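Following: one structure in structure tokens, then a few remarks.
Numbering starts at 1 and runs along the sequence shown. Values in this document were obtained by computation on a predicted structure and should not be read as measured data.
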Amino acid sequence: MALSKFTQTMIRGFQTSPNGAVGHHRVALRVNQAIDAFNGLNADTTRSRSEKAPLYKQLQEQHGKAIKADLDKFGNELLARTDAHEAKVAKVLNSVSLADAVQIVAGLKAAGLTAEQFRSAIADSGEIAVAMARVPQALSGLSADVATAAALNHYPDLLAEAAANERDFSAYSSLSNVVDRTIREIGLNVDEQALASRFDEAALAPRPEPKTQAEQNASE
């Protein structure tokens, strides 16, 4: 099975954010380097299959380790960005105290607003929208997800950030599959039988002169 390198169009991922593109690019370059080495080894006609066995093994282990390290770095960067985003969302949702939120929602309920007027109030006021997200569903009449989404509609920067993070995680998932497939394919070319029977070159060097039985007895 032939391995496909990342093209210049896809090397930074598909619809990734600027930060996501950097992480994706770093890993994709590693993958391309491994494939170049793999193809070069495949094309080497000066070595037999058994002679190539330790080289395939070395390629799989060394390039695999480097690729995985950069993939982990990419993943950790995504998790850090997600944590930072969630902290911003929490700050927004806590911008109205629970006591104030209950008072706001109770006041709206007491005003006898129609369902349409209620929706308009939520769409027009970020404070009301956040209050609806803060109070229990029994009071707001909205599920937590719906209420939170309505509140965040007043913060387009956070919505854009969440969408960018989601695209980057999708790119990371696809990239992980490519990494696994690349390392696995290289490994399929490792002739384990040839490695098992390979002569240890270290045995070519003369060993220290062995002790005679008398010398061994004398040293005990």
Side-chain angles (χ1 to χ4, degrees), residues 6-31 68-181:
F6 283 95
T7 64
Q8 287 304 310
T9 302
M10 295 301 297
I11 201 165
R12 294 181 178 274
F14 179 68
Q15 294 185 336
T16 51
S17 70
N19 286 332
V22 171
H24 191 285
H25 188 208
R26 189 168 55 229
V27 179
L29 284 176
R30 290 282 195 189
V31 171
K68 288 284 191 179
D70 278 332
L71 183 64
D72 287 345
K73 183 177 181 179
F74 184 18
N76 290 334
E77 289 169 351
L78 291 178
L79 291 176
R81 284 167 47 200
T82 298
D83 289 343
H85 172 76
E86 291 178 351
K88 293 177 186 176
V89 171
K91 184 177 181 180
V92 165
L93 296 180
N94 289 320
S95 62
V96 176
S97 70
L98 181 57
D100 288 342
V102 170
Q103 188 174 18
I104 290 171
V105 176
L108 292 172
K109 295 272 189 178
L113 299 181
T114 65
E116 182 60 33
Q117 289 173 325
F118 223 100
R119 285 194 291 270
S120 295
I122 293 172
D124 293 341
S125 170
E127 184 181 38
I128 291 176
V130 171
M132 294 292 286
R134 286 283 279 152
V135 300
Q137 182 176 347
L139 181 57
S140 70
L142 301 175
S143 68
D145 289 344
V146 171
T148 298
L152 293 180
N153 278 337
H154 292 276
Y155 298 86
D157 55 329
L158 291 182
L159 292 179
E161 191 173 79
N165 287 347
E166 186 174 346
R167 292 195 303 272
D168 287 350
F169 268 107
S170 177
Y172 171 82
S173 179
S174 297
L175 183 60
S176 296
N177 291 334
V178 172
V179 167
D180 289 342
R181 187 168 63 250

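Counting all heavy atoms, side chain and backbone alike, Ala133 lies closest to Ala151 at CB-CB, 4.2 Å. Of all heavy-atom pairs between Thr114 and Gln117, the closest is N-OE1, 2.9 Å. Across every non-hydrogen atom of Thr82 and Asn165, the tightest pair is CA-ND2, 4.2 Å. Residue Ser97 comes nearest to Arg134 through the heavy atom pair C-NH2, 3.8 Å, listed as atom of the first residue, atom of the second, then distance. Heavy atoms only, all atoms of each residue included: Leu108 and Ile128 are closest at CD1-CG2, 3.6 Å. Between Asp180 and Lys68, the shortest heavy-atom contact is OD1-NZ, 3.0 Å.
Interatomic distance, CG of Asn153 versus OG1 of Thr148, reported as 11.0 Å (0.5 Å rounding). Atom-to-atom distance recorded for Tyr172:OH and Leu79:CG is 8.0 Å, nearest 0.5 angstrom. Separating the CG atom in Asp157 from the CG atom in Leu159 is a distance of 8.0 Å, to the nearest 0.5 Å.
A search for salt bridge (charged side-chain N to carboxylate O under 4.0 Å, His left out) contacts involving Arg26 returns Asp70, Glu77, not counting sequence neighbours. Listed by chain and residue number, nothing satisfies the ring pair (Phe, Tyr, Trp, His ring centres under 6.0 Å) test with Phe118 (two or more places apart in sequence, or in another chain). Taking the ring pair (Phe, Tyr, Trp, His ring centres under 6.0 Å) definition, one finds that Phe6 meets it with His24, sequence neighbours left out. Here Glu127 pairs with Val96, Ile104, Ser125 under the side chain to side chain contact (heavy atoms under 4.5 Å, CB included) rule; sequence neighbours left out.
Sorted by first and then second residue, the pairs that involve residues 82-99 and meet salt bridge (charged side-chain N to carboxylate O under 4.0 Å, His left out), not counting sequence neighbours, are Lys88-Glu161. Counting only residues at least two apart or in different chains, salt bridge (charged side-chain N to carboxylate O under 4.0 Å, His left out) contacts with residues 95-124 comprise Glu116-Arg119.
Residues Thr16 and Arg167 have side chains not in contact (no heavy-atom distance under 4.5 Å, counting atoms from C-beta outward). Here the side chains of Val22 and Phe74 are not in contact, with every heavy-atom distance at 4.5 Å or above.
Between the side chain of Asp168 and the main chain of Ser17, a donor-acceptor pair closer than 3.5 Å is present.
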